[in-house]
Amino acid sequence: MTRRERLSELDLLRFAAALAVVLYHFTGFGGAGAWPVPSQEVFPEIAPVTRFGYLGVDLFFVISGFVILMSAWGRGPGEFGISRLVRLMPAYWVSVLLGAAVYALFRTGHGVPGLIVPNLTMLQGGLGLRNVDAVYWTLWVELHFYVLAAVLAGIGITYRSCLVFMAAWMLGGVFADEADSKILQVMLVPTWSCYFIAGMALYMIHRFGPTLLLWGYVAASYLIALRWGAWRAENVFRGADETVVSAVITGIFAVMILVATGRLSGCAGGA
(Lines give C-alpha, C1' and ligand atoms only; values in the text may rest on other atoms or scores of the structure.)
Protein backbone atom coordinates (compact mmCIF):
# COMPACT_ATOMS: atom_id res chain seq x y z
CA MET A 1 0.00 0.00 0.00
CA THR A 2 1.30 3.45 -0.91
CA ARG A 3 1.86 6.32 1.50
CA ARG A 4 -1.07 8.17 -0.09
CA GLU A 5 -3.40 5.21 0.48
CA ARG A 6 -2.20 4.88 4.08
CA LEU A 7 -2.85 8.58 4.71
CA SER A 8 -6.32 8.21 3.17
CA GLU A 9 -7.11 5.48 5.71
CA LEU A 10 -5.85 7.65 8.54
CA ASP A 11 -7.86 10.64 7.29
CA LEU A 12 -11.01 8.49 7.47
CA LEU A 13 -10.12 7.49 11.01
CA ARG A 14 -9.48 11.14 11.90
CA PHE A 15 -12.94 11.99 10.56
CA ALA A 16 -14.46 9.18 12.64
CA ALA A 17 -12.64 10.46 15.75
CA ALA A 18 -13.81 14.03 15.13
CA LEU A 19 -17.39 12.87 14.53
CA ALA A 20 -17.35 10.89 17.78
CA VAL A 21 -16.19 13.96 19.73
CA VAL A 22 -18.81 16.21 18.07
CA LEU A 23 -21.58 13.72 18.88
CA TYR A 24 -20.31 13.56 22.45
CA HIS A 25 -20.47 17.32 22.91
CA PHE A 26 -23.85 17.78 21.22
CA THR A 27 -25.70 14.63 22.32
CA GLY A 28 -23.76 12.83 25.05
CA PHE A 29 -22.29 15.53 27.29
CA GLY A 30 -23.57 15.47 30.86
CA GLY A 31 -22.91 19.11 31.78
CA ALA A 32 -23.70 22.59 30.51
CA GLY A 33 -22.74 22.80 26.87
CA ALA A 34 -24.40 23.30 23.51
CA TRP A 35 -27.95 23.31 24.89
CA PRO A 36 -29.71 25.08 27.79
CA VAL A 37 -29.82 21.71 29.58
CA PRO A 38 -27.28 18.85 29.51
CA SER A 39 -27.02 17.18 26.10
CA GLN A 40 -27.81 13.80 27.63
CA GLU A 41 -31.24 15.13 28.61
CA VAL A 42 -31.91 16.49 25.12
CA PHE A 43 -30.99 13.20 23.40
CA PRO A 44 -31.72 10.49 25.98
CA GLU A 45 -32.13 7.80 23.30
CA ILE A 46 -28.58 7.99 21.93
CA ALA A 47 -26.73 9.51 24.89
CA PRO A 48 -25.88 6.09 26.41
CA VAL A 49 -23.75 5.49 23.29
CA THR A 50 -22.50 8.96 22.38
CA ARG A 51 -21.42 9.67 25.96
CA PHE A 52 -18.34 7.59 25.10
CA GLY A 53 -17.55 9.79 22.09
CA TYR A 54 -14.89 11.58 24.11
CA LEU A 55 -12.69 8.55 23.38
CA GLY A 56 -12.34 9.88 19.84
CA VAL A 57 -9.53 11.99 21.31
CA ASP A 58 -7.69 8.79 22.27
CA LEU A 59 -7.89 7.56 18.66
CA PHE A 60 -6.76 10.94 17.37
CA PHE A 61 -3.63 10.88 19.53
CA VAL A 62 -2.62 7.40 18.31
CA ILE A 63 -3.06 8.62 14.73
CA SER A 64 -0.99 11.68 15.57
CA GLY A 65 1.89 9.56 16.87
CA PHE A 66 1.84 7.56 13.63
CA VAL A 67 1.55 10.53 11.26
CA ILE A 68 3.93 12.91 13.04
CA LEU A 69 6.75 10.37 13.06
CA MET A 70 6.03 9.68 9.40
CA SER A 71 6.21 13.37 8.53
CA ALA A 72 9.26 14.06 10.73
CA TRP A 73 11.37 11.18 9.39
CA GLY A 74 14.33 12.53 7.44
CA ARG A 75 13.71 16.13 8.50
CA GLY A 76 15.54 18.45 10.84
CA PRO A 77 13.75 20.29 13.65
CA GLY A 78 13.38 23.50 11.64
CA GLU A 79 11.84 21.82 8.63
CA PHE A 80 9.59 19.76 10.86
CA GLY A 81 8.44 22.82 12.80
CA ILE A 82 7.65 24.78 9.66
CA SER A 83 5.67 21.87 8.23
CA ARG A 84 3.55 21.74 11.40
CA LEU A 85 2.96 25.49 11.41
CA VAL A 86 1.92 25.54 7.77
CA ARG A 87 -0.42 22.59 8.23
CA LEU A 88 -2.09 23.63 11.48
CA MET A 89 -2.05 27.35 12.06
CA PRO A 90 -4.13 28.75 9.15
CA ALA A 91 -7.16 26.57 9.95
CA TYR A 92 -6.64 27.12 13.67
CA TRP A 93 -6.54 30.91 13.26
CA VAL A 94 -9.76 30.80 11.26
CA SER A 95 -11.36 28.79 14.05
CA VAL A 96 -10.25 31.25 16.75
CA LEU A 97 -11.41 34.27 14.74
CA LEU A 98 -14.73 32.54 14.10
CA GLY A 99 -15.13 32.21 17.87
CA ALA A 100 -14.43 35.93 18.19
CA ALA A 101 -17.05 36.71 15.54
CA VAL A 102 -19.66 34.54 17.29
CA TYR A 103 -19.01 36.36 20.56
CA ALA A 104 -19.13 39.79 18.89
CA LEU A 105 -22.45 39.04 17.15
CA PHE A 106 -24.29 36.93 19.72
CA ARG A 107 -22.40 37.49 22.99
CA THR A 108 -22.02 33.78 23.47
CA GLY A 109 -18.94 31.62 23.83
CA HIS A 110 -15.49 32.66 25.04
CA GLY A 111 -14.24 34.72 22.11
CA VAL A 112 -13.71 37.80 24.24
CA PRO A 113 -11.09 40.29 22.97
CA GLY A 114 -8.67 39.60 25.82
CA LEU A 115 -8.46 35.91 24.91
CA ILE A 116 -8.15 36.15 21.14
CA VAL A 117 -4.46 37.07 20.81
CA PRO A 118 -3.23 34.49 23.36
CA ASN A 119 -5.36 31.83 21.68
CA LEU A 120 -3.91 32.71 18.28
CA THR A 121 -0.49 31.67 19.61
CA MET A 122 -1.86 28.25 20.74
CA LEU A 123 0.03 28.83 24.01
CA GLN A 124 -2.97 29.80 26.14
CA GLY A 125 -2.92 26.46 27.96
CA GLY A 126 0.54 27.15 29.31
CA LEU A 127 -0.36 30.74 30.15
CA GLY A 128 -3.28 29.67 32.33
CA LEU A 129 -5.84 31.35 30.06
CA ARG A 130 -9.17 30.01 28.85
CA ASN A 131 -9.57 28.43 25.43
CA VAL A 132 -11.85 30.25 23.01
CA ASP A 133 -13.23 26.78 22.28
CA ALA A 134 -13.03 24.09 24.94
CA VAL A 135 -11.71 21.46 22.50
CA TYR A 136 -8.48 23.42 21.98
CA TRP A 137 -7.07 21.65 25.03
CA THR A 138 -6.21 18.75 22.72
CA LEU A 139 -3.98 21.05 20.67
CA TRP A 140 -2.03 21.97 23.79
CA VAL A 141 -1.38 18.28 24.42
CA GLU A 142 -0.41 17.89 20.75
CA LEU A 143 2.02 20.79 21.08
CA HIS A 144 3.88 18.93 23.82
CA PHE A 145 4.35 16.05 21.40
CA TYR A 146 5.53 18.38 18.63
CA VAL A 147 8.19 19.84 20.91
CA LEU A 148 9.42 16.37 21.88
CA ALA A 149 9.34 15.28 18.22
CA ALA A 150 11.39 18.35 17.30
CA VAL A 151 13.96 17.37 19.93
CA LEU A 152 14.09 13.88 18.41
CA ALA A 153 14.50 15.42 14.95
CA GLY A 154 17.37 17.52 16.29
CA ILE A 155 19.10 14.40 17.58
CA GLY A 156 18.42 12.61 14.30
CA ILE A 157 15.53 10.27 13.64
CA THR A 158 16.70 6.72 13.18
CA TYR A 159 15.36 3.33 14.16
CA ARG A 160 17.63 3.21 17.20
CA SER A 161 17.00 6.79 18.33
CA CYS A 162 13.23 6.23 18.15
CA LEU A 163 13.51 3.14 20.34
CA VAL A 164 15.50 5.08 22.94
CA PHE A 165 13.15 8.08 22.70
CA MET A 166 10.01 5.99 23.19
CA ALA A 167 11.50 4.08 26.13
CA ALA A 168 12.71 7.28 27.82
CA TRP A 169 9.33 8.98 27.30
CA MET A 170 7.33 6.02 28.56
CA LEU A 171 9.48 5.34 31.63
CA GLY A 172 9.92 9.05 32.32
CA GLY A 173 6.16 9.48 32.34
CA VAL A 174 5.67 6.57 34.73
CA PHE A 175 8.40 7.91 37.04
CA ALA A 176 6.90 11.42 36.86
CA ASP A 177 3.54 10.07 37.97
CA GLU A 178 5.08 7.99 40.74
CA ALA A 179 7.15 10.91 42.03
CA ASP A 180 4.23 13.32 41.60
CA SER A 181 6.64 15.66 39.83
CA LYS A 182 4.66 18.55 38.41
CA ILE A 183 7.35 19.75 36.01
CA LEU A 184 7.87 16.27 34.54
CA GLN A 185 4.14 15.69 34.28
CA VAL A 186 3.79 18.94 32.35
CA MET A 187 6.71 18.13 30.05
CA LEU A 188 5.94 14.45 29.45
CA VAL A 189 2.09 14.43 29.64
CA PRO A 190 2.06 10.88 31.07
CA THR A 191 -1.75 10.63 31.00
CA TRP A 192 -1.69 10.85 27.19
CA SER A 193 1.83 9.91 26.10
CA CYS A 194 0.97 6.20 25.76
CA TYR A 195 -1.15 6.97 22.70
CA PHE A 196 1.57 8.94 20.93
CA ILE A 197 4.16 6.27 21.75
CA ALA A 198 1.84 3.55 20.45
CA GLY A 199 1.35 5.50 17.22
CA MET A 200 5.11 5.88 16.79
CA ALA A 201 5.72 2.17 17.39
CA LEU A 202 2.97 1.27 14.92
CA TYR A 203 4.50 3.54 12.29
CA MET A 204 7.83 1.79 12.79
CA ILE A 205 6.08 -1.56 12.38
CA HIS A 206 4.59 -0.21 9.16
CA ARG A 207 7.95 1.12 7.94
CA PHE A 208 10.37 -1.60 9.05
CA GLY A 209 8.19 -4.60 9.70
CA PRO A 210 7.05 -6.12 13.00
CA THR A 211 9.49 -7.16 15.69
CA LEU A 212 8.90 -8.46 19.19
CA LEU A 213 10.40 -5.27 20.62
CA LEU A 214 8.07 -2.96 18.69
CA TRP A 215 5.05 -5.07 19.63
CA GLY A 216 6.28 -4.75 23.21
CA TYR A 217 6.03 -0.96 22.97
CA VAL A 218 2.50 -1.26 21.59
CA ALA A 219 1.48 -3.71 24.32
CA ALA A 220 2.94 -1.58 27.12
CA SER A 221 1.27 1.53 25.71
CA TYR A 222 -2.04 -0.34 25.51
CA LEU A 223 -1.86 -1.41 29.16
CA ILE A 224 -1.02 2.14 30.26
CA ALA A 225 -3.89 3.46 28.12
CA LEU A 226 -6.29 1.08 29.87
CA ARG A 227 -5.10 2.37 33.24
CA TRP A 228 -5.62 6.03 32.34
CA GLY A 229 -8.87 5.27 30.53
CA ALA A 230 -10.26 3.72 33.72
CA TRP A 231 -8.97 6.67 35.75
CA ARG A 232 -10.70 9.19 33.47
CA ALA A 233 -13.93 7.16 33.55
CA GLU A 234 -13.91 7.37 37.34
CA ASN A 235 -12.56 10.89 37.92
CA VAL A 236 -13.29 12.98 34.83
CA PHE A 237 -16.16 11.42 32.89
CA ARG A 238 -17.95 10.16 35.98
CA GLY A 239 -20.45 7.42 35.37
CA ALA A 240 -18.74 6.08 32.23
CA ASP A 241 -18.64 2.30 32.35
CA GLU A 242 -15.02 1.19 32.69
CA THR A 243 -15.71 -2.03 30.81
CA VAL A 244 -17.05 -0.12 27.82
CA VAL A 245 -14.14 2.32 27.97
CA SER A 246 -11.66 -0.57 27.99
CA ALA A 247 -13.45 -2.18 25.05
CA VAL A 248 -13.32 1.05 23.02
CA ILE A 249 -9.62 1.56 23.78
CA THR A 250 -9.01 -2.04 22.73
CA GLY A 251 -10.87 -1.33 19.49
CA ILE A 252 -8.75 1.77 18.88
CA PHE A 253 -5.53 -0.21 19.20
CA ALA A 254 -6.92 -3.03 17.06
CA VAL A 255 -7.88 -0.68 14.22
CA MET A 256 -4.51 1.06 14.30
CA ILE A 257 -2.71 -2.30 14.26
CA LEU A 258 -4.68 -3.16 11.13
CA VAL A 259 -3.57 0.15 9.57
CA ALA A 260 0.08 -0.42 10.50
CA THR A 261 0.11 -3.95 9.10
CA GLY A 262 -1.78 -3.02 5.91
CA ARG A 263 -4.80 -5.16 6.76
CA LEU A 264 -7.50 -2.52 7.29
CA SER A 265 -8.30 -2.16 3.61
CA GLY A 266 -8.32 -5.94 3.31
CA CYS A 267 -10.86 -6.18 6.13
CA ALA A 268 -12.99 -3.49 4.49
CA GLY A 269 -12.77 -5.27 1.15
CA GLY A 270 -13.74 -8.56 2.72
CA ALA A 271 -16.77 -6.93 4.33
Side-chain angles (χ1 to χ4, degrees), residues 9-66 92 95 98-99 102 108-111 124-125 130-142 144-145 177 185 189-199 221-259 264 267-268 271:
E9 286 184 346
L10 293 171
D11 285 339
L12 287 174
L13 290 175
R14 277 199 192 107
F15 175 78
L19 179 60
V21 172
V22 169
L23 287 173
Y24 165 71
H25 281 287
F26 282 90
T27 68
F29 189 52
W35 315 105
V37 297
S39 300
Q40 292 180 1
E41 297 180 18
V42 180
F43 301 93
E45 298 83 6
I46 63 173
V49 175
T50 58
R51 68 178 299 173
F52 295 99
Y54 71 87
L55 291 164
V57 173
D58 302 50
L59 172 57
F60 185 82
F61 285 160
V62 182
I63 295 170
S64 182
F66 191 105
Y92 174 69
S95 177
L98 181 60
V102 168
T108 187
H110 307 297
Q124 68 274 10
R130 192 166 195 166
N131 293 307
V132 168
D133 191 307
V135 298
Y136 292 165
W137 72 266
T138 60
L139 296 175
W140 181 238
V141 175
E142 282 273 320
H144 286 69
F145 178 41
D177 186 54
Q185 289 172 354
V189 285
T191 59
W192 295 109
S193 61
C194 53
Y195 292 111
F196 296 112
I197 294 168
S221 298
Y222 167 67
L223 294 175
I224 294 171
L226 289 178
R227 180 261 190 262
W228 285 114
W231 180 87
R232 275 186 280 273
E234 181 179 351
N235 296 281
V236 181
F237 302 95
R238 293 182 177 87
D241 188 295
E242 291 184 18
T243 302
V244 175
V245 170
S246 297
V248 174
I249 291 173
T250 300
I252 288 170
F253 274 76
V255 168
M256 288 302 298
I257 287 171
L258 291 175
V259 170
L264 182 63
C267 291

Is Met256 close to Leu13 at the side-chain level, that is, under 4.5 Å between some pair of heavy atoms?
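The answer is yes, as the side chains (C-beta and beyond) meet within the 4.5 Å cut-off.
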Any non-hydrogen side-chain atom of His25 less than 4.5 Å from a side-chain atom of Tyr54?
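Side chain of His25 against side chain of Tyr54, heavy atoms only: no contact under 4.5 Å found.
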Which residue pairs satisfy the side chain to side chain donor-acceptor pair (under 3.5 Å) criterion with at least one member in residues 41-51, sequence neighbours excluded?
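For residues 41-51: Thr27-Thr50.
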Regarding Ser39 and Tyr24, is there a side-chain donor-to-acceptor distance under 3.5 Å anywhere?
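Looking only at side-chain atoms, Tyr24 and Ser39 do not form any donor-acceptor pair under 3.5 Å.
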Starting at [atom1] of [X], measure out to [atom2] of [Y] and round the result to the nearest 0.5 Å.
X	Y	atom1	atom2	value
Tyr195	Leu59	OH	CG	10.0 Å
Phe196	His144	CZ	NE2	10.0 Å
Asn131	His110	CG	NE2	9.0 Å
Phe253	Tyr222	CZ	OH	8.0 Å
Ile197	Phe145	CD1	CZ	9.0 Å
Ile46	Gln40	CD1	CD	11.0 Å

For [X], what residues pass the side-chain contact (heavy atoms from CB on, under 4.5 Å) criterion, not counting sequence neighbours?
X	result
Val244	Phe52, Asp241, Val248
Trp231	Arg227, Trp228, Asn235, Val236
Phe26	Val22, Ala34, Trp35
Glu234	Glu242

Would the number of heavy atoms belonging to other residues, nucleotides or ligands and lying under 6.0 Å from CZ of Arg232 be above 12?
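Buried by this count: over 12 neighbours within 6.0 Å.
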Over all heavy atoms of both residues, which pair between Ser221 and Cys194 is shortest? Give the atoms and the distance, please.
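In this case the closest contact between Ser221 and Cys194 is CB-O, 3.3 Å.
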Closest heavy-atom pair and its distance - Val245, Ala240
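Closest heavy-atom pair between Val245 and Ala240: CG2-CB, 4.3 Å.
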Is there a donor-acceptor pair closer than 3.5 Å between any side-chain N or O of Thr250 and the backbone N or O of Ser246?
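Yes, Thr250 side chain to Ser246 backbone: donor-acceptor pair under 3.5 Å.
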Would you mind writing out the side-chain donor-acceptor pairs for residues 132-139 within the sub-3.5 Å range, not counting sequence neighbours?
from, atom 1, to, atom 2, distance (Å)
Asp133, OD1, Val135, N, 3.1
Tyr136, OH, Ser95, OG, 2.5
Tyr136, OH, Val96, N, 3.4
Thr138, OG1, Val135, O, 2.9

